[in-house]
Amino acid sequence: MLNSTLIGALPCTLAAPPPPPKMEINSMPEALQLHAQTLKSGKTQQKSLTNIFTFSALSSNGDLTYARLILHSIPSPNSFHYNTMIRAYSRSPDPIKALHFFLYMARNSPTRPDKFTYPFVLKSCARLGLSHQGKQLHGLILKSSFCSDRYVQHSLIHMYCACEEVGHAYKVFDKMSERDVVSWTVMIDGLVDNDRPMEAIQLFEEMVEDRVEVNDVTVVSILRACAETGALSVGMRVHEVVKEQRIGLKAHVSTALIDMYVKCGCIESARRVFDEISVNKDVYSWTAMIAGLASHGKCEDAIDLFNQMQELSIKPDERTMTSVLSAYRNAGLVSEGYRFLKTMHKKYGVWPTIQHYGCVVDLLARAGHLSDAEELIKKMPIKPDGVLWRTLIWGCKVNKDMNRAERLIDHLKSLKMDSNDDCGNLVLIGNVYASAGKWLDKARTRELMNKRGLVKPPGASKIEIDGAVHEFIVGDSDHPEAEKIYAKLDEIEEKLREEKYQPKLHEVLLEVDDEEKAFQLSHHSEKLALAFGLIKTNPGTEIRIVKNLRSCEDCHAFMKVISKKYHRDIIMRDRIRFHHFSNGECSCKDYW
DNA sequence: CGTGAGCACT
């Protein structure tokens, strides 16, 4: 019979023996010391070696020298050991090494890859955009028994999307016999990343129809799609789902909600979400809100918020700095913005990047300080890119300094640019020549674009009506209700003539007569979207339009007049900011 | 041992 006092004194009951002591390792030197001791002890201690190895691999930040050393001392490494190495490399700053190690394993060890191996190697293909290698892995997987493993399939979909091979991703997705929340989410998110947000929303609707429960990750992905397209009612539905299903307002979720409301034009709703989340606010949510206020022209509020953030000792990052600078830019606060750039490292510990210089060059250039802007580009410690030169040249065009613009164009042409910049450069150059009336040079630019197979991206505007997003391309007649839309535009023009509205013909950069210019202007995508909005919504309701390019001067003036004549508030997002038109005025005060 | 996630410059 057992002595009951003895049992009472025991730390554990006899029925459940204590687990073996876990080896706690806290630092790399400690791991190495343990390693040495283990080797000296002479006994084959696979378990301790494995622990030491795992710790050193996963805490290595990419330098796996020690981990490899320790791995070599393990008598017969198994797939777990190899997978740990590959996992560590796939997360490291140099993920190609995961593939190298995978090949090393395949060639030099009897250990075969297993279902855990593939997600890691596929991840590094995804991070590197290596679709060729990804496809080869896919081939290996198909020959193995792991092709039906859910995790492997999800990794494949993600890899293909990250390599811009949406078609292949779809194939894997479609072939899956059972899809869970991750299968849908990874596909939806991949579509958003590949600039196909409308498809992402469609897939989300299918997912809901299939009664698959969404989770926080799905919500974040779909909110990104809503933000991109301006699909406010979908976004609001998702917000309801978040509330009902008590999907926690993790920082990811609240940031995505804030950004969705911001980009759909509802800055007040964004602010409400921001103010409601008391705990889970991190630097990302603050930055999203600051950037949102800046893009809506509420620049003072943006700066206020940045100062509040300082008081709470939340450390800003590079993007926060960009948001603050864009607030200065949109407000035209030249000296404040310039001073911020100059002192940001000293005050906030963030070194200016090319984006920050970009904001300030734009700020200076748009305000007409073209020499200062040029000087800043020349003196900055970072090599200027195509964006930066285009910003400055655009500033010259806005301020009608054609001599400087042409000089800078010659300079731009002499630079060896990334070929990705070709299209943007030539479009801008063509615009500058055209607005200077140099039609021959404009024609040559056009020629050059044709020769290189470059196509100017057409203006496109989106508007959401009854939960469906409609997209209009400039001059579009594909819409089922195109006739009604053009009739509405005729009616509008008639009204504007009564108002003695003068179309801004100089915005048409084609060598055509004025009648043709007026015709061109009247079919800009935002006007088509606006006409459709006027037809489809009740009098007095707001109209929201999302445009892909900068607003043209004529459309801007047009929207102002309509807002008064038709008693409609119009909220238009263009490539760089928001315009709230109300009673004949715009929130940007005509400075954009 | 593994799948998917938020904010920035033209």
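Below, read A as the first sequence line, B as the second, and so on, with proteins coming before strands; counting in each chain starts at 1. Nothing here was measured: the structure is a model prediction, and the numbers come from that model.
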Using a heavy-atom cut-off of 4.0 Å across all strands, would you classify [X] as base, sugar-phosphate, or nothing?
X	answer
A:T84	nothing
A:N215	base
A:I188	nothing
A:V217	base
A:R390	base
A:N83	base
A:K115	base
A:D149	base

* Has the side chain of A:R179 got a donor or acceptor atom that lies under 3.5 Å from a matching backbone atom of A:F173? ->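 Yes: the side chain of A:R179 pairs with the backbone of A:F173.
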Between [Y] and [X], is there a salt bridge with N-O shorter than 4.0 Å?
X	Y	result
A:E374	A:K378	yes
A:D362	A:R329	yes
A:K243	A:E240	yes

[options]: which one has an atom nearest the side-chain heavy atoms of [X]?
X	options	value
A:V220	B:dC9, B:dG6, B:dG4	B:dG6
A:H158	B:dC7, B:dA5, B:dT10	B:dA5
A:D189	B:dT3, B:dT10, B:dG4	B:dG4
A:K250	B:dG6, B:dA5, B:dC1	B:dA5
A:Y151	B:dG2, B:dC9, B:dC7	B:dG2
A:S221	B:dA5, B:dG6, B:dG2	B:dA5
A:V387	B:dC9, B:dT3, B:dG4	B:dC9
A:R319	B:dG6, B:dG4, B:dA8	B:dA8
A:A288	B:dT3, B:dC7, B:dC9	B:dC7
A:Y284	B:dC7, B:dT3, B:dT10	B:dC7

* Test side-chain contact (heavy atoms from CB on, under 4.5 Å) applied to A:P316 - qualifying residues, sequence neighbours left out ->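 Result, side-chain contact (heavy atoms from CB on, under 4.5 Å) vs A:P316: A:F306, A:M309, A:Q310, A:T320, A:M321, A:Y348.
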* **salt bridge (charged side-chain N to carboxylate O under 4.0 Å, His left out) against A:R150, all qualifying residues, sequence neighbours excluded** =>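 For A:R150, the residues satisfying salt bridge (charged side-chain N to carboxylate O under 4.0 Å, His left out) (neighbours in sequence not counted) are A:E178, A:D180.
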Using atom [atom1] of [X] as one end and atom [atom2] of [N] as the other, report the distance to the nearest whole Å.
X	N	atom1	atom2	value
A:I277	B:dC7	CD1	C1'	12 Å
A:F120	B:dG4	CZ	P	10 Å
A:E213	B:dG4	CD	P	21 Å
A:E228	B:dA5	CD	P	17 Å
A:F306	B:dC7	CZ	P	20 Å
A:R127	B:dT3	CZ	P	13 Å
A:R329	B:dA8	CZ	C1'	10 Å
A:I409	B:dT10	CD1	P	19 Å

* Below 6.0 angstrom between ring centroids: does that apply to A:H239 and A:Y261? ->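 A:H239 vs A:Y261: aromatic centres under 6.0 Å.
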* To do: Look at the side-chain N and O atoms of A:K263 and state whether any lies under 4.0 Å from the OP1 or OP2 oxygen of B:dG6.
  =>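 Checking B:dG6 against A:K263, no side-chain N or O comes under 4.0 Å of OP1 or OP2.
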* A:R224 side chain near B:dG6 phosphate (N/O to OP1/OP2, under 4.0 Å) ->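 So the side-chain polar atoms of A:R224 do come within 4.0 Å of the phosphate oxygens OP1 or OP2 of B:dG6, strictly under.
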* Ring stacking, A:H252 with base of B:dA5, under 5.5 Å and under 30°? ->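 So yes, this residue stacks on that base, both cut-offs being met.
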* Asked: For A:F116 and B:dG2, is the gap between ring centres under 5.5 Å while the planes differ by less than 30°?
  ->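 No, A:F116 does not stack on the base of B:dG2, since the centre distance and plane angle fail the 5.5 Å and 30° test.
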